[in-house]
Each structure stands twice: as C-alpha cells, then as structure tokens.
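Structure record follows, encoded as structure tokens.
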Amino acid sequence: MPNLSSSLAGLHNQQLNVLAPSGIRGFDKKISSVDGLIKLTIGEPDLDTPEHVKQASVDSILNNDSHYADQTGKKELRDAIVNHLANKYDLKYDADSEVIVTVGATEALYSTFASILNKGDKVIVPTPTFALYFPIISILGGEVIKVDTSDDGFVLQPEKLQAVLDEHGDSVKAILLNYPSNPTGVEYSKDDLSKLAAIIKEHPMYVLSDEIYSDLTYGVEHHSIASMLPEQTIYISGLSKSHAMTGYRVGYICGPQEIIKKIGMVHAFVVTSVTNSAQVAASEALKNGENDPVEMAKIYQERRDILRDGLTKLGFSMPEPKGAFYMFAKIPAEYGLDDEKFALDLAYEAKVGVIPGNAFGPGGEGYIRLSYASSKEVIEEALKRIEKFLK
C-alpha cells in the first residue's frame, strides 16, 4: 500500500481544507455501528423501482445498447423530460437545445454551479436546507449567503430576500431554492414564488430551482418558479425520488439555451455521458410511469401521518410536510437546543437514528430530521422506542 510522497504533502485543492464532511452522512456513519439501530437518517426510498422501469433497463442491456450516448442525453429521454414538464407543470423547453441529462441531481448542481460561478460570486441559500449545496458552492470559489427561514415557517420571505440583495448588490450571482424542502417537507405556494420572482427579475441573477421532490406532494399543487422566470431559471430535477431510482443516478437540467450550452460543456468534461440502460429506464418511467409516483405518494403520506401524530403526542412540534419524505421536528423544550446530543442519546439509548438539525444550516438548531421513507412498521417501532426514551 503506497504512502503519498512527502514532497506532495499539501499539494491539493486548498478549498478542501476548509470544507467539513457532510453532516448527514457523517452522523449516519457515526451511529451506524449501534446494534439493532432503526435508521430514519438517509433519504433512501424503501420502495422498489417499478417493474416496467426495471425491465426497460434490462432490455437495453440485452439489446447491446452499449455505445456512447449523446453527451446531452438520449434523444428519447430528452423528449420524455420535455413532455413530462409540459404536461405536469406547463414548463416549455426544447429537447434539442435546452435539456441535459445528468448523473443524478448532484451532478446537475455541480455542473451548473461550475458554469455560472467565478471566484467571489455569492449564492443566496435559504436555510435549513440540504447541506450538499454549501460545499459545492465553496469548492468552486463561490460564497454562500445563508438566510435563516426558521422564524417564517421555513419559507423565504420577499422582505428578507430584498434585504440581502440590498446589502450584497450585484455580487449575488444566484439564489438556490429547494422545494418541497429537504429537510422540512415545506412547499412553496404559487403566491410565495410569484413574490420572490418579482424581486429576482429586477436583478442580474440566476435562480437554481431544485425540484427533485416535486412529484411527491400531499394535498397541494406543485408550482415552479421556472414558469414565472423562465429566462432566469435553471431547473433541476431527476428520477431518484419520484420512481425510487436513487441507484440509477439520472437527473436533468433545463433552462435557456445560452446557459445550457455552457453547462453542457462542463457536463461533458466531467462525465461524458450518462449510462445508457439508466437513461432507457428513466425514459420508460416518464413515458409510461406517470402514475408511479402518485401511488408512492399515497404510501408516504400514510407514513407521514403516523409519524407526525406520534411525535406530536410525545411533545414534538414541526411544520406539516407537504412534500418529500422528511419530518423536521423540534425537540422537547426540556432538552434545550442541543440537537446533536439529543440525536446521539436517541441512537445509543433508544436505538433510533435521526439527523441533528444543525447539519442543515442556520435555523436547524434544536431540531431533528426523520426520514419516513421506511415502512409503517419500522416507523411505529421507532415511535415506541422514542416514547420509552423520553420517559
């Protein structure tokens, strides 16, 4: 096993020295060795990928679909994405010039930020939010402006946005919105988005709209800011959550042709193209699996209700999740704001794994995130253990 030459010590991207490991993955790893642990930590659907989607992937392999795909994605998948967005969200894109298929939404985010950021550019990120955004922006030389939304129902208010823009001016290159939200499950209404759009359109800035959970909502209609600001919005989504396809790693980016062309350059440098069989499966999911996420959402909603009712009876409070599959629960007052200690105690004493809220940025302190992408039986057992722990 080779050791790095001493002459190479420290010769790496210095931005990595100031990046902390993922608070989500790091905490999950820390407690995973607990024997008998019930894990409500990671956003990993326990549902199976639909059979017709799996079969499409198998057929692709058996049919020797083994050559390089178009760098922007297979034409059939780009067409399916465009039709899906038009039919469901009234978003209009050209499949040949305004869509890129990516290796999950994560690569979509990285390639997009790598395309728009120069050193010192600032990105507004409402928090608490998915912690992966912060290191991507930082490693590419950007500066994250975190805006705590915890006092406003976890929805960015237009007054706060205007105040940040007044303070930082044209150094703001973009704002990143994630809805339905990870970790809160909160959804932005059409009115919420229109008020933000009215402010954003007065500034030379992009909107990165991460709508990966848009197909999993409960009793509300999902709206996209891309329909209000198509000329400034870079739309990001994928199949991981909607069709339980996390391991297939298929995401996509849509936006104005000029910036999509730039993003496509970075995407091509980083991955060349996405795996063929995964793209064929994604195409099948979008063309013939529109009802798959509807059925999955019914299952998640039942689990949400069980978890919410159980935690409320135990003294937790939380915003009602309108989408995704996370509960962001405020820990009982007698435990203060030390969500890290609470989550550790819960893991080692009750054998229930959750993620401390501080992993999601300002506003997350004093909360824990629980994923209800686990079976009803697992959630019910977790509630019993939490009740025993609290007593």
Review point. Do Tyr248 and Thr49 have side chains that get closer than 4.5 Å, going by heavy atoms?
Key: yes
**Study point:** Intermediate values then yes/no, side-chain contact (heavy atoms from CB on, under 4.5 Å), Asn291 and Val294
**Key:** CA-CA 5 Å; Asn291 198 51; Val294 175; 3.6 Å; yes
Point to revise | Heavy-atom closest pair, residues Arg385 and Lys351 | key: NH1-O, 3.0 Å
Exercise for review: Look only at the side chain of Gln14 and the backbone of His12, and say whether a donor-acceptor pair between them is shorter than 3.5 Å.
Suggested key: yes
Review point. So, the side chain of Lys262 versus the backbone of Thr112: is there a donor-acceptor pair under 3.5 Å, distance only?
Key: no
Practice item. Answer yes or no: is there a side-chain heavy-atom contact under 4.5 Å between Leu390 and Phe316? Key: yes
**Study point:** Qualifying residue, where the test is ring-ring contact (aromatic ring centres under 6.0 Å, His included) with Tyr367 and the options are Tyr326, Tyr335, Phe154, Phe360
**Key:** Phe154
Check your understanding: Does a sphere of radius 6.0 Å around NZ in Lys190 hold more than 12 heavy atoms from other residues, nucleotides or ligands, not counting ones at 6.0 Å or beyond?
Key -> no
Exercise for review: Answer yes if Phe389 and Phe27 sit in the same cluster of Ile, Leu, Val, Met, Phe, Trp and Tyr residues linked by side chain heavy atoms under 4.5 Å apart, and no otherwise.
Suggested key: no
Review point. Within the distance-only criterion (no hydrogens, no angle test), does the side chain of Gln279 pair as donor or acceptor with the backbone N or O of Leu77 below 3.5 angstrom?
Key: no
Point to revise | Ser224 side-chain N/O to Ala226 backbone N/O, donor-acceptor pair under 3.5 Å | key: yes
Practice item. Could you tell me whether Glu387 and Lys384 have a side-chain N and a carboxylate O separated by less than 4.0 Å? Key: no
Review point. Is any side-chain heavy atom of Asn182 less than 4.5 Å from a side-chain heavy atom of Arg369?
Key: yes
Review point. When you check the gap from the basic side-chain N to the acidic O, do Arg78 and Asp96 get nearer than 4.0 Å?
Key: yes
Point to revise | Donor-acceptor pair, side chain of Asp309 and main chain of Ile306, under 3.5 angstrom | key: no
Practice item. Say whether Ser32 and Lys39, considering side chains only, have a donor N or O and an acceptor N or O under 3.5 Å apart. Key: yes
Exercise for review: Verify whether one side chain among His243 and Asp215 offers a donor that lies under 3.5 Å from an acceptor in the other.
Suggested key: no
Exercise for review: Give the C-alpha distance, both sets of side-chain angles, the deciding distance and a yes or no for side-chain hydrogen bond (donor to acceptor under 3.5 Å, both in side chains) between Tyr68 and Thr272.
Suggested key: CA-CA 8 Å; Tyr68 286 124; Thr272 303; over 6 Å; no
Exercise for review: Side-chain contact test, heavy atoms from C-beta onward, threshold under 4.5 Å: evaluate it for Tyr300 versus Pro45 and give yes or no.
Suggested key: yes
Point to revise | Under-4.0 Å salt bridge between Asp70 and Lys75 | key: no
Point to revise | Asp59 side chain vs Ala56 backbone, donor-acceptor pair below 3.5 Å | key: no
Check your understanding: Going by an N to O cut-off under 4.0 Å, is there a salt bridge joining Glu320 and Lys322?
Key -> yes
Review point. Do the non-hydrogen side-chain atoms of Lys298 and Gln301 ever get within less than 4.5 Å of each other?
Key: no
Exercise for review: Run the salt-bridge test on Lys88 and Asp90 with the 4.0 Å N-O cut-off and return the result as yes or no.
Suggested key: no
Check your understanding: What do the steps show when you test Asp148 against Ser150 for side-chain hydrogen bond (donor to acceptor under 3.5 Å, both in side chains), and what is the final call?
Key -> CA-CA 6 Å; Asp148 184 351; Ser150 58; 2.7 Å; yes
Point to revise | Nearest heavy atoms of Gly353 and Ile31, plus distance in Å | key: CA-CD1, 3.6 Å
Point to revise | Expected output: side-chain Lys173 to main-chain Ile116 donor-acceptor under 3.5 Å | key: yes
Review point. Of Glu211, Glu187, His223, which is the lone residue that meets side chain to side chain donor-acceptor pair (under 3.5 Å) with Tyr179?
Key: Glu211
Point to revise | No-hydrogen, no-angle side-chain donor-acceptor test under 3.5 Å, Thr149 and Asp152 | key: no
Exercise for review: Tell me yes or no: between the side chains of Glu340 and Asn358, is some donor less than 3.5 Å from an acceptor?
Suggested key: yes
**Study point:** By side-chain contact (heavy atoms from CB on, under 4.5 Å) - contacts of Val270 (at least two apart)
**Key:** Val266
**Study point:** Among Asp338, Asp345, Asp339, the one residue meeting side chain to side chain donor-acceptor pair (under 3.5 Å) with Lys341
**Key:** Asp345
Check your understanding: Distance only, no hydrogens: is a donor on one side chain within 3.5 Å (strictly under) of an acceptor on the other, for Ser7 and Ser5?
Key -> yes
Check your understanding: Counting only heavy atoms not in Lys287, do more than 12 sit closer than 6.0 Å to its NZ atom?
Key -> yes
Check your understanding: Looking only at heavy atoms, which two atoms of Cys254 and Val99 are closest? And how far apart?
Key -> SG-CG2, 4.0 Å
Review point. With a 4.5 Å heavy-atom cut-off, do Tyr235 and Leu91 have their side chains touching?
Key: yes
Check your understanding: Are more than 12 heavy atoms from other residues, nucleotides or ligands located less than 6.0 Å from atom NZ of Lys122?
Key -> yes
Practice item. Mind telling me whether Tyr218 and Tyr372 have parallel, tilted or perpendicular rings, with 30° and 60° as the class edges? Key: tilted
Review point. Is a salt bridge present between Asp28 and Arg25, judged by a nitrogen-to-oxygen distance below 4.0 Å?
Key: no
**Study point:** Sole candidate of Ile200, Ile234, Leu229, Ile175 that passes side chain to side chain contact (heavy atoms under 4.5 Å, CB included) when paired with Tyr206
**Key:** Ile234
Point to revise | Derivation and outcome, side-chain hydrogen bond (donor to acceptor under 3.5 Å, both in side chains), residues Asp170 and His203 | key: CA-CA 8 Å; Asp170 289 346; His203 297 267; 5.1 Å; no
Check your understanding: When clusters are formed by joining ILVMFWY residues with side-chain heavy atoms under 4.5 Å apart, either directly or through shared neighbours, do Ile42 and Leu307 land in the same one?
Key -> no
Check your understanding: Is the closest side-chain heavy-atom distance between Val280 and Ser283 below 4.5 Å?
Key -> no
Practice item. Go through the side-chain N and O atoms of His267 and Gln71 and say whether any donor and acceptor fall under 3.5 Å apart. Key: no
Check your understanding: Would you call Lys74-Asp79 a salt bridge at under 4.0 Å N-O?
Key -> no
**Study point:** Same cluster (ILVMFWY, side-chain, under 4.5 Å), Val250 and Leu216
**Key:** no
Practice item. Check the hydrophobic clustering (I, L, V, M, F, W, Y; side-chain heavy atoms under 4.5 Å; chains of links allowed) and say if Val34 and Val354 are grouped together. Key: no
Exercise for review: Please check if Leu344 and Leu346 belong to a single hydrophobic cluster, counting links between Ile, Leu, Val, Met, Phe, Trp and Tyr side chain heavy atoms closer than 4.5 Å.
Suggested key: no
**Study point:** Main-chain N/O of Ile212 paired with Asp210 side-chain donor or acceptor, under 3.5 Å
**Key:** yes
Review point. Got a salt bridge between Arg303 and Asp46, using NZ or NE/NH1/NH2 to carboxylate O under 4.0 Å?
Key: yes
**Study point:** Nearest atoms (heavy-atom pairs only) where Val352 meets Ala382
**Key:** CG2-O, 3.9 Å
Check your understanding: Does the Glu167 side chain pair with the main chain of Leu165, one donor and one acceptor, at a distance under 3.5 Å?
Key -> no
Check your understanding: If only atom types and distance count, is the side chain of Asn63 paired as donor or acceptor with the main-chain N or O of Asp65 below 3.5 Å?
Key -> no
Point to revise | Side-chain touch Thr72/Val101, heavy atoms, less than 4.5 angstrom | key: no
Revision key, fill the gap. Tightest non-hydrogen contact, residues Ala131 and Ala359, listed as CB-O, 3.1 Å
Point to revise | For Ile199 against Pro158, the heavy-atom pair lying closest together | key: CD1-O, 3.3 Å
